[in-house]
Amino acid sequence: AGHITAETLMSILRDKASGICVDAEGFRTAGSMVSVLPRDPALPCVHFFTATPDPSRSVFKPFVFVAGIKPAPQVRSPTFPRDPARQIPRFRSSVDRRHELYRRHQAALELMEQEPERGRQLLETLQELEKQGLEGMKELLE
């Protein structure tokens, strides 16, 4: 009836009881995305990505793709000046190829599992940041 919001979809993607959000038995939700596509073509589309597994313990981050955008360093894939994959002979050494957001997500998961109270506080902070992103999107589209 036209009452589905970005928050509604984020809630659905976090629903473990339904089986949509999976974090057990060797299989995990790889990442989740919610897009807001305005009917007015003059307004930008806003895409929210977790970019990390387990949306129930992630934050949906807003992205607006426009010409000339300069991405923040945290959203770029890692690069290595002396990448072992490009040196001859190849792979004589190794580097941590995990994305910065993924590494931070893994650290947050460890905190949530090892120190539940601090983990709960962190999750509340992340949810507040997500809420600010949703409010910013609403202001942008008004």
Side-chain angles (χ1 to χ4, degrees), residues 1-87 90-142:
H3 300 306
I4 295 177
T5 64
E7 294 92 335
T8 303
L9 293 172
M10 290 173 187
S11 175
I12 290 168
L13 291 169
R14 288 181 167 131
D15 185 8
K16 290 186 186 252
S18 71
I20 290 174
C21 179
V22 181
D23 73 344
E25 300 173 18
F27 176 80
R28 275 199 169 136
T29 300
S32 295
M33 175 181 147
V34 172
S35 294
V36 177
L37 310 172
R39 292 176 192 244
D40 181 348
L43 294 173
C45 297
V46 181
H47 308 278
F48 291 85
F49 299 95
T50 60
T52 53
D54 194 355
S56 72
R57 297 188 281 185
S58 294
V59 59
F60 281 85
K61 296 161 283 300
F63 289 84
V64 177
F65 298 97
V66 294
I69 193 166
K70 298 198 183 332
Q74 296 85 352
V75 300
R76 292 187 180 169
S77 293
T79 58
F80 308 95
R82 299 181 50 84
D83 191 337
R86 297 179 187 263
Q87 294 179 345
R90 293 173 44 144
F91 299 110
R92 289 215 119 153
S93 61
S94 63
V95 292
D96 186 354
R97 295 186 183 278
R98 295 177 301 162
H99 193 281
E100 177 67 19
L101 292 174
Y102 181 82
R103 287 196 316 247
R104 290 179 186 248
H105 181 264
Q106 290 304 106
L109 287 181
E110 287 176 22
L111 179 69
M112 289 174 192
E113 291 169 1
Q114 295 172 3
E115 299 181 49
E117 181 55 29
R118 286 187 60 212
R120 185 189 60 73
Q121 291 171 353
L122 174 61
L123 187 57
E124 286 177 6
T125 299
L126 290 173
Q127 290 169 339
E128 179 57 34
L129 289 170
E130 180 179 279
K131 183 179 172 186
Q132 290 174 22
L134 287 160
E135 290 169 1
M137 178 228 19
K138 289 174 185 171
E139 290 174 16
L140 176 70
L141 298 178
E142 286 179 352

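For the numbers below, each heavy atom of this structure counts, side chains included, while hydrogens, waters and symmetry mates do not. Throughout, numbering of the chain's residues begins at 1 and tracks the sequence.
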Rounded to the nearest 0.5 angstrom, the CG-CD distance for Leu122 and Gln127 is 9.5 Å
Check whether any side-chain heavy atom of Pro44 sits under 4.5 Å from a side-chain heavy atom of Leu141, and report yes or no.
yes
Closest heavy-atom pair, Pro38 versus Cys45, reported as atoms and distance to 0.1 Å, is CD-CA, 3.9 Å
Crowding at CZ, Arg97 (>12 non-hydrogen neighbours, <6.0 Å):
yes
Go through the steps for Glu142 and Lys138 under the test salt bridge (charged side-chain N to carboxylate O under 4.0 Å, His left out), then give the verdict.
CA-CA 6 Å; Glu142 286 179 352; Lys138 289 174 185 171; over 6 Å; no
Can you tell me how far the CG atom of Leu9 sits from the CZ atom of Phe48, to the nearest 0.5 Å?
11.0 Å
Ignoring hydrogens and angles, tell me if any N or O in the side chain of Lys61 forms a donor-acceptor pair with the backbone of Thr50 under 3.5 Å.
yes
Could you tell me if the side chain of Cys21 sits less than 4.5 Å from the side chain of Asp15, heavy atoms only?
no
Thr8 and Thr5 side chains, donor-acceptor separation under 3.5 Å:
yes
Just jot down the ring pair (Phe, Tyr, Trp, His ring centres under 6.0 Å) partners of Phe65, sequence neighbours excluded, or say none.
His47
Measuring from Met112:CE to Leu126:CG, what's the distance to the nearest 0.5 Å?
6.0 Å
One should read off an interatomic distance between Gln132 CD and Leu129 CG, to the nearest 0.5 angstrom, of 5.5 Å
Quick one: does Arg14's side chain have a donor or acceptor within less than 3.5 Å of a partner on Ser58's backbone?
yes
In this structure, CZ of Arg120 is separated from CG of Leu111 (nearest 0.5 Å) by 11.5 Å
Audit row: Gln87, Arg92, side-chain contact (heavy atoms from CB on, under 4.5 Å) steps and yes/no
CA-CA 8 Å; Gln87 294 179 345; Arg92 289 215 119 153; over 6 Å; no
Side chains of Glu115 and Gln121: does their closest heavy-atom pair fall under 4.5 Å?
no
For Lys16, I'd like to know if atom NZ has over 12 heavy atoms of other residues, nucleotides or ligands within 6.0 Å.
yes
Under a 3.5 Å distance rule, please check whether Glu130 uses its side chain to pair with a backbone N or O of Val59 as donor and acceptor.
no
Atom pair CD (Gln114) and CG (Leu109), whose distance is rounded to the nearest 0.5 Å
10.5 Å
Is Arg98 reaching over with its side chain to a backbone N or O of Arg103, donor-acceptor style, under 3.5 angstrom?
no
Tightest non-hydrogen contact, residues Leu13 and Val34, listed as CD1-CG2, 3.7 Å
Heavy-atom side-chain contact between Pro84 and Arg90 under 4.5 Å:
no
